[in-house]
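Every chain is numbered from 1, with letters handed out A, B, ... down the list of sequences.
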Amino acid sequence: MNDFNQRDRIVRYRIDYEKELNAAQIEAVSFKEGALLVIAGAGSGKTRTLTYRVARLVEEGVPPQSILLLTFTRKASAEMLSRASRLLDNRCGKAAGGTFHSFANATLRRYAAAIGGQSDFTIIDRSDAESLVGMIRKEIAKDINRRGFPRNQTLLNIFSKSVNKSIPVEEVIYDDYPHFSVSVAPILAINESYQERKQQHKLLDFDDLLLNLHRVLKEQSDLRRKIAAAYRYIMVDEYQDTNQIQADILYLLAGDNPNVMAVGDDSQSIYAFRGANFKNIMKFPEIFPGTTIIRLEENYRSREPILNLTNKIIDRATEKYEKKLFTRKVGGKTPCLVETESENGQSKYIVDRIVALHDDGMPLDQIAVLFRASFHSFDLEIELTRRNIAYVKVGGFRFIESAHIKDVLAHLRVVANAADRISWYRLLLLINKIGPKSAQNIFQAVIDQSAGFSGLINLRKEFKPNRGLERLMELFCIIDARPMSVAQMGEVVINYYGPIVREKYDDYPRRLKDLEQLLSIMDRYRSLEAFLSDMALEPPNVSKGKVLSPSDTDQAHLVLSTIHSAKGLEWHTVFIIWALDGRFPSIHALNSQADLEEELRLMYVAATRAREMLFISYPGEIYDRGSGLLLNNPSRFIDGIPDDTLERKYIGYYLDLA
DNA sequence: TCACGGAATATTTTT
DNA sequence: TATTCCGTGA
């Protein structure tokens with residue numbers, strides 16, 4: 001028996017852990033020194049365990065500031081910490097929490113001086129990165145013929161994969177994109193130039209955040225020790241979705257006396273496409289010798305018939321930690337597999353069921369419709385609107401990615417970082433009569449002055465501004481003249497941008513509404529830098545066009561969500577749509593065993609979201625335009641499961657109504 | 001050098 | 001079904 005367990009008897013805890021947790025959970029929560037791996041099955045109280053552990057450590061007298069909770073989204077960590085605060089007291093809120101990316105961002109800015117870097121970098125998202133790559137390829141590789149050369153998007157996928165999997169770019173090409181092998185040289189040249197440009201313009205993409213943090217920790221051992229000493233207790237949630245660099249960062253952060261707790265479920269690893277490697281979780285005990293392993297196998301979420309099905313689904317995975325989930329929630333309805341005669345028949349069936357449930361008194365926010373890809377819900381959305389059912393859509397294309405939002409942000413970004421070439425281009429090209437060439441000249445002239453964004457104002461003589469450019473100069477004069485709050489700055493930018501959006505888009509009223517929404521978000525920030533970082537790192541997850549007006553938020557909404565965005569959540573009733581072989585699994589995953597396994601886990605994640613009722617549906621016959629195939633089989637992940645586990649139904653009565 | 005129109009080309013999930 | 005790219009005319 002170790003010291004800690006002896007103390008356990010003496011200390012009087014304010015929280016009654018024995019009563020609130022099961023044996024395995026208590027073991028995890030009261031674990032103190034060393035490395036701990038918690039293999040937590042779906043619905044086994046993973047979040048609960050992490051939350052109680054934070055509270056427990058604080059009760060033990062650990063200073064909350066020395067606890068670091070790394071999660072998959074910042075929302076998740078904020079929620080856990082606030083739950084811990086409610087359990088114990090608000091000391092728990094002082095623990096540090098966030099994603100690997102947000103932690104990297106904060107750390108790099110804080111220690112910028114010490115590492116000889118700059119703190120006024122801008123974080124660029126995927127589409128920013130794409131336009132940068134686009135600029136470069138035009139300059140250095142204009143002679144490459146279009147055909148047979150990867151698009152910007154693909155180029156970025158290659159670069160990013162190389163970083164996230166810690167393997168050279170060439171190798172990624174040979175392994176995953178053999179058809180581009182002939183273009184290795186120009187691709188490498190573009191990559192090199194891309195890395196240079198980012199440095200020049202003080203831009204960091206998502207991968208750079210992790211890379212830079214990793215490099216700093218690795219190369220500057222004094223600083224590493226300092227940071228490691230600051231965070232004596234580290235917890236990582238969703239460990240199955242970390243990649244190699246994140247695992248390395250964790251190792252370096254943990255220091256020589258690692259107190260690290262990793263929680264995850266290899267069966268729920270669904271982010272391989274961005275370099276996540278579920279084998280990380282298998283390797284954890286090797287990296288931290290002497291790791292204690294605890295399994296949480298009791299499922300508190302789902303009724304037995306649902307769990308029977310999900311156990312059957314994950315049985316088909318070939319590589320996993322063996323675990324057997326069980327539940328005490330016996331009884332309940334057998335999950336249903338529903339074939340409908342068409343896509344619209346599927347939508348109508350779903351809406352009918354939802355209306356029926358709602359009429360029986362079920363709140364709409366207890367129901368979710370989940371799907372593999374964002375566009376799978378288009379037809380359903382039309383049907384829901386027609387029947388007047390309130391819904392929110394999560395995942396897929398986002399609010400923040402729409403052109404008008406990015407336009408406004410570009411103006412703010414050059415204020416924060418005048419070297420941000422992407423944003424200069426973006427905002428200059430909005431102006432009439434200014435194209436790439438003029439934008440380049442103006443950008444260069446601004447940079448040459450090294451007077452920040454306000455350098456633009458002094459260019460009157462050189463560039464003989466037209467009306468549009470004149471207005472932009474006036475805008476920057478206003479911003480330059482006096483200090484402003486984030487929201488005030490947003491307001492003057494939107495005032496400036498108003499005429500542009502009216503001219504550019506027919507649907508400008510809707511877009512102007514979005515900008516209002518953006519303003520109300522800005523209102524919550526005191527520093528422009530923090531606002532911009534957050535917009536890149538954790539933008540509002542609600543899809544575009546579905547931004548809620550404040551009056552709407554009280555009302556319960558049906559949830560439509562991609563499965564990826566549904567991770568960690570649960571509902572009373574869950575519908576999984578488009579469980580059609582070729583859609584789910586996606587047609588593009590069919591020729592790779594690893595991809596198929598990932599899709600299988602995705603189906604598992606979707607099905608384990610349900611507490612009481614689960615419906616899986618697919619349209620009976622769909623012609624796939626892309627491949628020319630006729631898709632007419634249910635998803636292989638649920639096909640062939642006996643009727644007593646998954647009840648089959650065919651719904652054909654909508655045929656005449658379509 | 002810019003703007004516009006027609007043609008070509010496709011995957012999806014997110015920090 | 002959109003979006004993105006290229007060539008042409010002003």
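- Here the side chain of A:His564 is nearest to one of B:dT12, B:dT13, B:dT15, namely B:dT13.
- Side-chain contact, A:Gln246 with A:Gln244: no donor N or O sits under 3.5 Å from an acceptor N or O.
- The backbone N or O of A:Tyr239 sits less than 3.5 Å from a side-chain atom of A:Thr242, completing a donor-acceptor pair.
- Look at the P atom in both C:dC5 and B:dT12: the space between them is 15 Å, to the nearest Å.
- In this model, the phosphate group of B:dC2 is approached by a side-chain N or O of A:Ser438 to a distance below 4.0 Å at OP1 or OP2.
- Whole-Å rounding puts the A:Gln440 CD to B:dC2 P distance at 11 Å.
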Throw together a table of side-chain donor-acceptor distances under 3.5 angstrom for residues 102-109 of chain A, partners on residues two or more places apart or in other chains.
{"residue": "A:Ser102", "atom": "OG", "partner": "A:Thr99", "partner atom": "N", "Å": "3.0"}
{"residue": "A:Ser102", "atom": "OG", "partner": "A:Thr99", "partner atom": "O", "Å": "3.2"}
{"residue": "A:Ser102", "atom": "OG", "partner": "A:Thr99", "partner atom": "OG1", "Å": "3.3"}
{"residue": "A:Asn105", "atom": "OD1", "partner": "A:Arg109", "partner atom": "NE", "Å": "3.0"}
{"residue": "A:Asn105", "atom": "OD1", "partner": "A:Arg109", "partner atom": "NH2", "Å": "3.4"}
{"residue": "A:Thr107", "atom": "OG1", "partner": "A:Phe103", "partner atom": "O", "Å": "2.7"}
{"residue": "A:Arg109", "atom": "NH1", "partner": "A:Ser119", "partner atom": "O", "Å": "2.7"}
{"residue": "A:Arg109", "atom": "NH1", "partner": "A:Phe121", "partner atom": "O", "Å": "3.1"}
{"residue": "A:Arg109", "atom": "NH2", "partner": "A:Phe121", "partner atom": "O", "Å": "3.3"}
{"residue": "A:Arg109", "atom": "NH2", "partner": "A:Ser533", "partner atom": "OG", "Å": "2.9"}

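- Among the heavy atoms of the strands lying under 4.0 Å from A:Thr99 are primed sugar atoms or P, OP1, OP2 only; no base atom is included.
- Taking only side-chain atoms of A:His101, from C-beta outward, the nucleotide of B:dT15, B:dT12, B:dT14 with the closest atom is B:dT15.
- More than 12 non-hydrogen atoms from other residues, nucleotides or ligands lie less than 6.0 angstrom from CD of A:Glu470.
- For A:Glu599, taking side-chain heavy atoms from C-beta onward, the closest of the listed nucleotides B:dT15, B:dT12, B:dT13 is B:dT12.
- Look at CD on A:Gln153: it is 12 Å from C1' on B:dT9, rounded to the nearest Å.
- A:His376 and A:Trp578 have tilted rings, their planes meeting at an angle from 30° to 60° on a 0 to 90° scale.
- Distance A:Leu156 CG to B:dT11 P: 15 Å, rounded to the nearest Å.
- One atom, CZ of A:Arg372, and another, C1' of B:dT14, lie 12 Å apart when rounded to the nearest Å.
- A:Ile245 places its CD1 atom 12 Å from the C1' atom of B:dT15, with the value rounded to the nearest Å.
- Here the nucleotide nearest the side chain of A:Lys437, chosen from B:dT15, B:dT14, B:dC2, is B:dC2.
- Side-chain proximity of A:Ser374 to the nucleotides B:dT13, B:dT12, B:dT15 is greatest for B:dT13.
- Rounded to whole Å, the distance from OH on A:Tyr271 to P on B:dT12 is 16 Å.
- One interatomic measurement links the two molecules: CG of A:Asp205 to P of B:dT14, which rounds to 18 Å at whole-angstrom precision.
- Atom CE in A:Met603 sits roughly 17 Å away from atom P in B:dT13 (whole-Å rounding).
- Here the nucleotide nearest the side chain of A:Pro436, chosen from B:dC2, B:dT15, B:dT13, is B:dC2.
- Side-chain contact check for A:Gln440 and A:Tyr425: at least one donor-acceptor pair (N or O, by modelled atom type) lies under 3.5 Å.
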Sub-3.5 Å pairs of nitrogen or oxygen atoms, protein against nucleotides 3-6 of chain B:
{"residue": "B:dA3", "atom": "OP1", "partner": "A:Lys433", "partner atom": "N", "Å": "2.7"}

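- The phosphate of B:dT14 has neither OP1 nor OP2 within less than 4.0 Å of any side-chain N or O from A:Thr73.
- Annotation: B:dT13 and C:dT4 have their P atoms spaced 14 Å apart (nearest Å).
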